[in-house]
Amino acid sequence: MKRGALVAITGGCHDCHSSGYAESGGKIDPATALKGAAVGYQGPWGTTYPSNLRILAEKLSEKDFVHLAKTFQARPPMPWFNVNAMEESDVRSLYLYIASLGEPGDPAPDYVPPGQEPKTPYIVFAPPQMPK
Ligand code: HEC
């Protein structure tokens with residue numbers, strides 16, 4: 001679990017999945033850690049929200065979490081390829097760490113397809129495509 005806490009830091013998971021983390025200078029707030037964020041990232045892919053990883057870990061067994069981590073893909077800016085490349089032992093530690101964080105809370109807002117206006121604040125990650 002200690003190892004999992006480190007993986008979440010050095011793997012960059014808190015950067016996006018823990019709201020307020022970057023602004024606090026990297027303080028891990030047990031109330032919000034890895035619960036996802038309600039500020040969207042908008043680009044040509046639509047608007048995505050860092051998901052609540054506590055809910056994911058609660059839903060999945062350790063084995064299923066490892067399988068997902070090794071195989072999943074997601075929309076930008078989620079660096080899914082970095083997670084796919086993790087050592088299995090690190091993924092297991094990460095799972096135990098996430099599961100230890102407690103009360104999962106609410107899911108992040110739903111993905112918004114391109115061309116639709118999100119109801120939350122969002123960061124424009126890339127300029128929208130110019131109309132032809
Ligand atoms: C640059 C921001 C960013 C970073 C860094 C990041 N994520 Fe994400 N993550 C996202 C976003 C945004 C989504 C939602 C993508 C989508 O809607 O397709 C996501 C989705 C996911 C999902 C899919 C969840 C599901 O319910 O299917 C997993 C698993 C995940 N992230 C794990 C991680 C882990 C583990 C780390 C650290 C190693 C990490 N993420 C780092 C932004 C990030």
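This one's a predicted model, so the numbers in the text were calculated from it and none came from an experiment. Computed over heavy atoms, backbone and side chain alike; hydrogens, waters and symmetry mates excluded. Each ligand, and each atom within it, is numbered from 1 in the order the structure gives.
The contact set between ligand 1 and Leu94, taken as ligand atoms under 4.0 Å from a residue heavy atom, comprises 35 (C). Atom numbering of ligand 1 starts at 1 in the shown order; those under 4.0 Å from a heavy atom of Leu56 are 26 (O), 29 (C). When each atom of ligand 1 is checked for a heavy atom of Thr48 under 4.0 Å away, the hits are 12 (C), 16 (C), 17 (O). Those atoms of ligand 1 that come under 4.0 Å of a heavy atom in Met86, given as number and element, are 38 (C). Less than 4.0 angstrom separates some heavy atom of Gly11 from each of these atoms of ligand 1: 37 (C), 38 (C).
Of the N and O atoms on the side chains of Tyr122 and Glu117, at least one donor lies less than 3.5 Å from an acceptor on the other residue. Counted by atom type alone, Tyr49 and Thr120 present one or more donor-acceptor pairs between their side chains at under 3.5 Å.
Classification of the Tyr97-His14 ring pair by plane angle, with boundaries at 30° and 60°, yields perpendicular.
Contact of the Ile9 side chain with the Ile28 side chain is registered, since non-hydrogen atoms from C-beta on lie closer than 4.5 Å. Looking at Leu60 and Leu56, their side chains come closer than 4.5 Å, going by heavy atoms from C-beta outward. Looking only at side-chain heavy atoms (C-beta outward), Tyr21 and Thr32 stay at 4.5 Å or farther from each other. Within the 4.5 Å cutoff, no side-chain heavy atoms of Pro104 are placed close to those of Lys35.
Take a cut-off of 2.8 Å around atom 8 (Fe) of ligand 1: the protein N, O or S atoms inside it are His17 NE2, Met78 SD.
Under 4.0 Å from ligand 1, not a single heavy atom of Asn82 appears.
Ranking the protein heavy atoms by distance from atom 17 (O) of ligand 1 puts Arg75 NH1, 3.0 Å first. Here the protein heavy atom with the shortest distance to atom 5 (C) of ligand 1 is Gly12 O, 3.3 Å.
Contacts of Ser89 classified as side-chain contact (heavy atoms from CB on, under 4.5 Å), with partners at least two apart in sequence or in another chain: Glu87. For Arg54, the side chain to side chain donor-acceptor pair (under 3.5 Å) test picks out no residue, with sequence neighbours left out.
Smallest separation of non-hydrogen atoms from Trp45 and Tyr111: O-OH, 2.8 Å.
Here the shortest heavy-atom distance to atom 13 (C) of ligand 1, taken over Phe65, Phe72, Tyr49, Tyr95, belongs to Tyr49.
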Tell me which donor-acceptor pairs under 3.5 Å the side chains of residues 69-80 have, and how far apart each pair is, sequence neighbours excluded?
| residue | atom | partner | partner atom | Å |
| --- | --- | --- | --- | --- |
| Lys70 | NZ | Asn84 | O | 3.4 |
| Lys70 | NZ | Met86 | O | 2.3 |
| Thr71 | OG1 | His67 | O | 2.7 |
| Trp80 | NE1 | Ala74 | O | 3.2 |

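At least one protein heavy atom sits closer than 4.0 Å to atom 9 (N) of ligand 1.
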